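Below you'll find the structure, written out as structure tokens, and then a few comments.
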2 protein chains.
Amino acid sequence: MDDDDWRAPAVPLAVDLVILTLRESRLHVLLVERGVDPYRGALALPGGFLSHLEEGLLDAARRELAEEADLAEVPYLEELGVYGDPGRDPRGRVVSVAFLAIAPRLPEPVAGTDAAAASWRPVEPLLSGEEELAFDHRRIVADGVEHARRKLEHSALATAFCDATFTIAELQQVYEAVWGIRLDPRNFYRKVQGARGFIVAAGPARRTDGGRPARLFRAGPLHSLYPPMVRSAHAVHEGAPIDE
Amino acid sequence: MDDDDWRAPAVPLAVDLVILTLRESRLHVLLVERGVDPYRGALALPGGFLSHLEEGLLDAARRELAEEADLAEVPYLEELGVYGDPGRDPRGRVVSVAFLAIAPRLPEPVAGTDAAAASWRPVEPLLSGEEELAFDHRRIVADGVEHARRKLEHSALATAFCDATFTIAELQQVYEAVWGIRLDPRNFYRKVQGARGFIVAAGPARRTDGGRPARLFRAGPLHSLYPPMVRSAHAVHEGAPIDE
DNA sequence: TCAATAGTGTCTGTTAGACATTATGCC
DNA sequence: GGCATAATGTCTAACAGACACTATTGA
């Protein structure tokens, strides 16, 4: 922002949503089938243009969340990044602000108003390029997943994948699914209990899942974890050691 | 991005730059004095509107970096976030994409083309609100500093504050200045050497600084650090334990 | 020689990671 | 009781943090 001429070029602004959830212990993202050109029939992230000139970006994200995904509320919604390469949209210059949302496991594939064409898709075929996505949405999904992976380490983001109350085993499944590794339940139990403020006991309630019933917890007050949940060294496998 | 009417509201797009450097062992940010309303005479981040409709965001950031800061090249430049609250600019809706840049210590306060009014300012009075900034630039600076703090832990970002070659003591000063804590030189030495790929020896060259000359290093190939440089527990002091 | 910083060594408490053991439900 | 999972305990190697010590220069 500076002393430039106020008559600056104006750009159509859109928001795109990377909505992640867990289904059958695998990470899924919500996609919609496009009904119009360009990329008619292709899979794309839910999203859309600002509805009017004064709409806030987060407001637009929440509106699309409700309209396209039929999700009135999600426990986590935050900006992911800006995608504004000239040429990313064949119609012309469009700058899109991507948001990352996390939703707990939902009753069934959404079937709402605009959300008829929406469906949950496992992320792996999308990341590998096995399945195609419209625009630059593959990169956005990849950035969203990577963002979630990193954030699981240092924040209580994992609880956003769970219901209001959950067992420690369920929380562990979140880490295993998002990180794509296996964790020792005993050590995980200790670790997660040691990060005070992460989860708090939710009364004496219990839940059975075949074996001994487990205690229920809910998300604690802290959003920043200390000590962090480290992706153990033996989990160094996927990415090359050189990134960025 | 979806099936909406293509005739979407278009918004003037700007880029703002948070350019950080170290001066006298303190973290500084580059600010310019505004020459026009609004906020005429106030301090603001360097930046400006897109020059034309097809200009890339990173391109715009680099252009402003050269024009307003006289910095042809910086070792680190990355998107920081989007600031698009309606009302953040009294002239009307403006969405700004903020970039974080890191520059090594520079010969002298920049004095270039547009950069006459630019000056390096210590960040603390800005973060505390003691010094005023135009628009929402205080928040952007705060986000940029926080981003840098976090990134020092897991990436080789610290080397971007240094010249091409540097001593381990100089690298330590970066951590101490950005984190605002003191570190033990002996343990820091071991730690930084243990993170292989972080820094590599730069020949047998040496440099004197009062005592025994130190070995010179340059940035290594890895951008992602393992093991990370942890802000030690005793350094938990500044922010409340609850964030986000 | 001393002053000052670079670089190495050592010790100790804590923790990650491996795995044994006990507890508590349901069939 | 038998089975499955929850929860706790134990051990060991590794590491963070503290600090003693040696090394190498200039004054």
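So that the names make sense, note that chain A is the first sequence line, chain B the second, and so on, each numbered from 1. Keep in mind that this is a model prediction, so the values were computed, not measured.
Every residue two or more places apart in sequence or in another chain was checked for a side chain to side chain contact (heavy atoms under 4.5 Å, CB included) with B:Glu132, and none qualifies. Not counting sequence neighbours, A:Arg196 has no partner by the side-chain hydrogen bond (donor to acceptor under 3.5 Å, both in side chains) test. Under the side-chain hydrogen bond (donor to acceptor under 3.5 Å, both in side chains) criterion, A:Glu79 pairs with no residue, sequence neighbours left out. Applying the side-chain hydrogen bond (donor to acceptor under 3.5 Å, both in side chains) test to B:His154 and every residue at least two apart in sequence or in another chain returns A:His154. Shown here are the side chain to side chain contact (heavy atoms under 4.5 Å, CB included) partners of B:Ala134, two or more places apart in sequence or in another chain: B:Arg34, B:Tyr39, B:Ala42, B:Ala44. Contacts of B:His147 classified as side-chain hydrogen bond (donor to acceptor under 3.5 Å, both in side chains), with partners at least two apart in sequence or in another chain: none. B:Phe188 is linked by a ring-ring contact (aromatic ring centres under 6.0 Å, His included) to B:Tyr175, counting only residues two or more places apart in sequence or in another chain.
Taking atom CD of A:Gln172 as the reference point, atom P of D:dT5 lies 12 Å away to the nearest angstrom. The distance between atom CD1 of B:Ile181 and atom P of D:dA16, rounded to the nearest whole Å, is 14 Å. Going from atom OH of B:Tyr226 over to atom C1' of D:dC15 covers 11 Å, rounded to whole Å. Between B:Gln173 atom CD and C:dA6 atom C1' there is a gap of 14 Å when expressed in whole angstrom units. Counting to the nearest Å, the P atom of C:dC19 and the CG atom of A:Leu183 are 15 Å from each other. For B:Phe188 and D:dG17, the CZ to P distance is 13 Å, given to the nearest whole Å. Summarising the geometry, the separation between CZ on A:Phe217 and P on D:dA6 is reported as 12 Å, rounded to the nearest angstrom. Rounded to a whole Å, the CD1 atom of A:Ile168 is 19 Å from the P atom of C:dA23.
Along DNA chain C, the nucleotide nearest to A:Lys191 and the one nearest to A:Arg206 differ in position, and the one closer to the 5' end is contacted by A:Lys191.
Within residues 152-163 of chain A, no residue has a heavy atom under 4.0 Å from DNA chain D.
Two residues are said to be in side-chain contact when any heavy atoms from C-beta on lie closer than 4.5 Å; A:Pro227 and A:Lys191 meet this criterion. B:Arg105 has its side chain out of reach of B:His28: every pair of non-hydrogen atoms, C-beta onward, lies at least 4.5 Å apart.
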Dump every N/O contact between nucleotides 2-5 of chain C and the protein below 3.5 Å, one line per pair.
unit_1: C:dT5; atom_1: O2; unit_2: B:Arg212; atom_2: N; d: 3.4

Nucleotides 8-11 of chain D: which of its N/O atoms have a protein N/O under 3.5 Å away?
unit_1: D:dT8; atom_1: OP1; unit_2: A:Arg215; atom_2: NH2; d: 3.0

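The salt bridge (Lys or Arg N to Asp or Glu O under 4.0 Å) contacts involving residues 211-220 of chain B comprise nothing, where partners must be two or more places apart or lie in separate chains. Within the structure, salt bridge (Lys or Arg N to Asp or Glu O under 4.0 Å) contacts touching residues 158-173 of chain A (residues at least two apart or in different chains) are A:Glu170-A:Arg207.
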